[in-house]
J.: 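Here you go, one structure.
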Amino acid sequence: MAIDTTPIQAVKDKFDQDIGRLDVASVEAASLPEATELLAQANELKIRYTGKRSELAGLMKMVGAQAPEDRAAFGQAIQAVDREISGVLTDTIEQIESRITSIKIEAERVDVTIPGRRPRTGHLHPITILRQRIEDIFVSMGYAIEDDREIETDYYNFDALNIPEGHPARESQDTFYTTDGFALRSQTSTVQIRAMERRGVPIRIIAPGKVYRRDTPDMTHVPMFHQVEGLCVDRGITMAHLKGTVTEWLKRLFGDDTVTRFRPSYFPFTEPSAEFDFSCFVCHGSGTSNGERCRPCKGSGWIELGGSGMVHPNVLRAVGVDPSVYSGFAFGFGLERMAAMTFNIDDIRHMFENDVRFLEQFR
Ligand code: DAH
């Protein structure tokens with residue numbers, strides 16, 4: 001006797017109707033919400049037709065109610081429909097999911113050809129730019145760069161530099177004091193002493209760094225500024241070496257036609273002492289540029305830069321160096337005025353106000 005497959009076929013017919021109502025063909029043009037909705041419906045059908053509580057699962061329980069010789073055929077008929085339904089559902093769900101994936105990929109697409117946003121990079125401060133240029137020149141001449149402390153004792157700022165207590169030179173370099181006997185250095189000349197104590201002689205160094213003085217800020221004064229100290233000590237060093245060295249580095253910084261001039265002066269830590277000027281880098285010493293009085297040199301043709309001289313025997317003695325064997329020269333100058341002239345800055349206070357609009361001009 002043939003088995004009765006009517007209930008199995010009924011399930012299949014109902015499924016065909018349900019899956020027919022699911023407009024799977026439209027999925028290729030569906031939006032993300034539409035595709036998501038289709039997927040939900042397909043999953044619902046999956047639960048309804050293939051789950052443990054599906055009608056087919058219910059029919060499976062009726063296998064035992066069949067005549068023994070029909071049981072196998074009945075079970076196989078259910079399994080065949082189950083395979084068919086599962087196959088259709090798996091394909092359908094796969095199709096919808098692939099549509100959802102491609103919608104997402106499309107939405108997240110990155111155009112790698114769009115120009116990027118350039119990150120803002122920092123740049124050097126005008127004082128640093130100038131300091132590095134000067135350092136490069138001195139390094140190329142065999143000098144070492146010395147860096148040292150800004151908080152000093154009276155000994156290093158004054159005594160060891162042949163400026164004993166009560167010396168008038170202390171007055172002109174009033175600085176900022178801490179309550180425990182230290183002070184902010186008023187000159188980088190302190191590094192002459194520090195470096196000779198550390199390295200001994202012969203020595204060739206420059207020491208760029210910050211110095212402090214009790215000054216009221218104005219266009220040409222700030223209480224913190226920068227100096228570069230130079231020191232060369234060896235056997236047989238003369239004033240000619242001083243003049244040659246200063247002239248050479250200024251030529252390298254401002255051009256080969258730069259001329260220097262030394263004027264007698266006084267500093268406690270040098271003897272003899274001289275101030276040095278160099279020919280104006282704008283008018284080259286003529287005093288006029290573009291038919292007008294030259295600005296950086298105020299029409300004089302010369303720019304005053306710093307102090308210098310032959311290291312005083314007392315300074316050498318302070319670090320245990322015999323002045324009858326060794327001699328040396330030293331010089332020192334400020335960076336702010338030089339930077340102001342080089343970069344055409346009319347007020348040196350600008351350099352320490354951290355206004356980005358100002359600073360960005362020197363990249
Ligand atoms: N230290 C001096 C000042 O601040 C500048 C100076 C003058 C440095 C003469 C020197 C020098 O090394 O020899 O005014």
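Start at 1 and go down the list; that is how both ligands and their atoms are numbered. Just so we're clear, the structure is a prediction, and the values are computed from it rather than from any experiment.
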J.: Considering the options Phe138, Phe262, Phe267, which one meets the ring-ring contact (aromatic ring centres under 6.0 Å, His included) requirement together with Phe331?
T.: Phe138

J.: May I have every N or O pair linking ligand 1 to the protein at under 3.5 Å, one per line with atom names and distance?
T.:
from	atom 1	to	atom 2	distance (Å)
ligand 1	1 (N)	Gln187	OE1	2.7
ligand 1	1 (N)	Ser189	OG	2.9
ligand 1	4 (O)	Arg213	NH2	2.8
ligand 1	4 (O)	Gln227	NE2	2.9
ligand 1	12 (O)	Gln192	NE2	3.2
ligand 1	12 (O)	Glu229	OE2	2.6
ligand 1	12 (O)	Phe331	N	3.3
ligand 1	12 (O)	Phe331	O	3.3
ligand 1	13 (O)	Ala330	O	3.2

J.: For the residue pair Tyr49 and Phe15, categorise the inter-ring angle as parallel (less than 30°), tilted (30 to 60°) or perpendicular (more than 60°).
T.: perpendicular

J.: Quick one: sort the Phe276 and Phe333 rings into parallel, tilted or perpendicular, breaks at 30° and 60°.
T.: perpendicular

J.: Supply the atom-to-atom distance Thr178 OG1 to Leu184 CG, rounded to the nearest 0.5 angstrom.
T.: 8.0 Å

J.: For the pair Lys12 and Asp16, find out whether any cationic side-chain nitrogen is under 4.0 Å from an anionic carboxylate oxygen.
T.: yes

J.: Please check if the number of heavy atoms outside Ile145 that lie under 6.0 Å from its CD1 is greater than 12.
T.: yes

